[in-house]
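When a ligand or atom number is given, it counts from 1 through the structure's own listing order. Quantities reported herein were computed from a predicted structural model and do not represent experimental measurements.
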Amino acid sequence: MNRFFITQSLKGVLDAVLTDADLVHQVSHVLRLRAGDELMLLDNSGSECTAVIQNIAKGGVVARITACVPNANEPKNFVMLYQSIIKKDKMEWVFEKCTEIGVSRFVPVVSAHSVKLGFQKERAIKIVKEAAEQSRRGILPRIEDIQDFSDAITRVQQGGAVNFIAHNIGAHQQLIEAARTFHSKNINMFVGPEGGFTDEEIAHAKENGFRVVSLGSRTLRAETAAVVASFLLVQ
Ligand code: SAH
């Protein structure tokens, strides 16, 4: 069944009136659905509602809610991926794949070796939404505003989470080992840019209580590291 995240709440709603232009286009022109066809609507509350299309018009789709159940596919850990901004297509790949994997929030970071200082947020939001629908998630991962590395390191301290930073140089505990021993559901994971983290950045993270972790003896591309680390942490 086709799944759609919507911005309005479905709490107590019988007939949902869906006016989002993308959704209307998708339903009527791409999927060519008709009255009587079913949809799955997600209002980002963690529940998912089956709905039957009543009417499709140019400006909107009316769908009757027939059943709402809790979505069962959100991971037990809340992983925030602090990804140093990398090249556009790689960054977008990280948004897509890490949404599929189960990252709960993305924080784009500008670090010392970042070559890119920005990303297209609107595009990223769309990518994350489509990946969340495709992977049957119940909550849409949020994309935070860009943070400076140093600020991000000190800000996460206030949260009471477990903080990891992935570094490919030197001998560090394997993330796969560390992931077995922490006792928090809230995890912040920092992954570097193409050029990696500087010694100073790693030292700054350590001073702030971060655990420096390895993803194995081979140096991975930043986007590979993001996917591997996220997968180990959401479990
Ligand atoms: N240009 C750097 C490599 C950077 S890899 C160099 O040649 O040394 C980009 C980022 O991916 C790193 O900053 C780190 O966060 C992560 N990463 C890649 N491979 C890793 C590994 N084996 N262990 C831990 N982190 C890794």
Students often mix this up, so state it plainly: with edges at 30° and 60°, are the rings of Phe106 and Phe95 parallel, tilted or perpendicular?
perpendicular

Looking only at side-chain N and O atoms, does His204 offer a donor or acceptor that is under 3.5 Å from a partner on Ser150?
yes

Give a yes-or-no answer on whether the side chains of Ser184 and Asn186 include a donor-acceptor pair shorter than 3.5 Å.
no

Please confirm whether the ring centroid of Phe197 lies under 6.0 Å from the ring centroid of Phe149.
yes

Report, in ascending order of atom number, the atoms of ligand 1 lying under 4.0 Å from any heavy atom of [X].
X      : result
Pro193 : 4 (C), 9 (C), 10 (C)
Arg218 : 21 (C), 22 (N)
Gly196 : 4 (C), 13 (O)
Thr219 : 3 (C), 19 (N)
Val213 : 24 (C)
Ala225 : 11 (O), 16 (C), 17 (N), 18 (C)
Ala222 : 9 (C), 11 (O)
Phe197 : 13 (O), 15 (O)

Using a 3.5 Å distance criterion without hydrogens, assess whether the side chain of Ser111 forms a donor-acceptor pair with backbone atoms of Ser84.
no

Indicate yes or no for a side-chain donor-acceptor contact from Asp37 to the backbone of Ile53 under 3.5 Å, with no hydrogens or angles considered.
no

Determine whether any heavy atom of Glu194 lies closer than 4.0 Å to an atom of ligand 1.
yes

May I ask whether Ser217 has any heavy atom positioned less than 4.0 angstrom from an atom of ligand 1?
no

Approximate separation, where rounding is to 0.5 Å, of Arg218 CZ and Leu220 CG
8.0 Å

Heavy-atom nearest neighbour in the protein, as seen from [atom], with distance rounded to 0.1 Å:
atom                    : result
atom 14 (C) of ligand 1 : Ala166 O, 3.2 Å
atom 18 (C) of ligand 1 : Leu220 O, 3.1 Å
atom 23 (N) of ligand 1 : Leu215 N, 2.8 Å

Report yes if Gly192 has an N/O atom closer than 3.5 Å to an N/O atom of ligand 1; otherwise report no.
yes

Does Gly216, backbone or side chain, put an N or O under 3.5 Å from an N or O of ligand 1?
yes

Which is closest to atom 8 (O) of ligand 1 by heavy-atom distance: Ile165, Asn168, Ile202?
Asn168

CA sep, side-chain torsions, deciding dist, call: Phe190, Phe210, ring pair (Phe, Tyr, Trp, His ring centres under 6.0 Å)
CA-CA 10 Å; Phe190 279 63; Phe210 273 67; 5.1 Å; yes

Check ion pair Glu122-Lys126 (N to O, under 4.0 angstrom)
no

Salt bridge between Arg142 and Glu144, side-chain N to carboxylate O under 4.0 Å?
yes

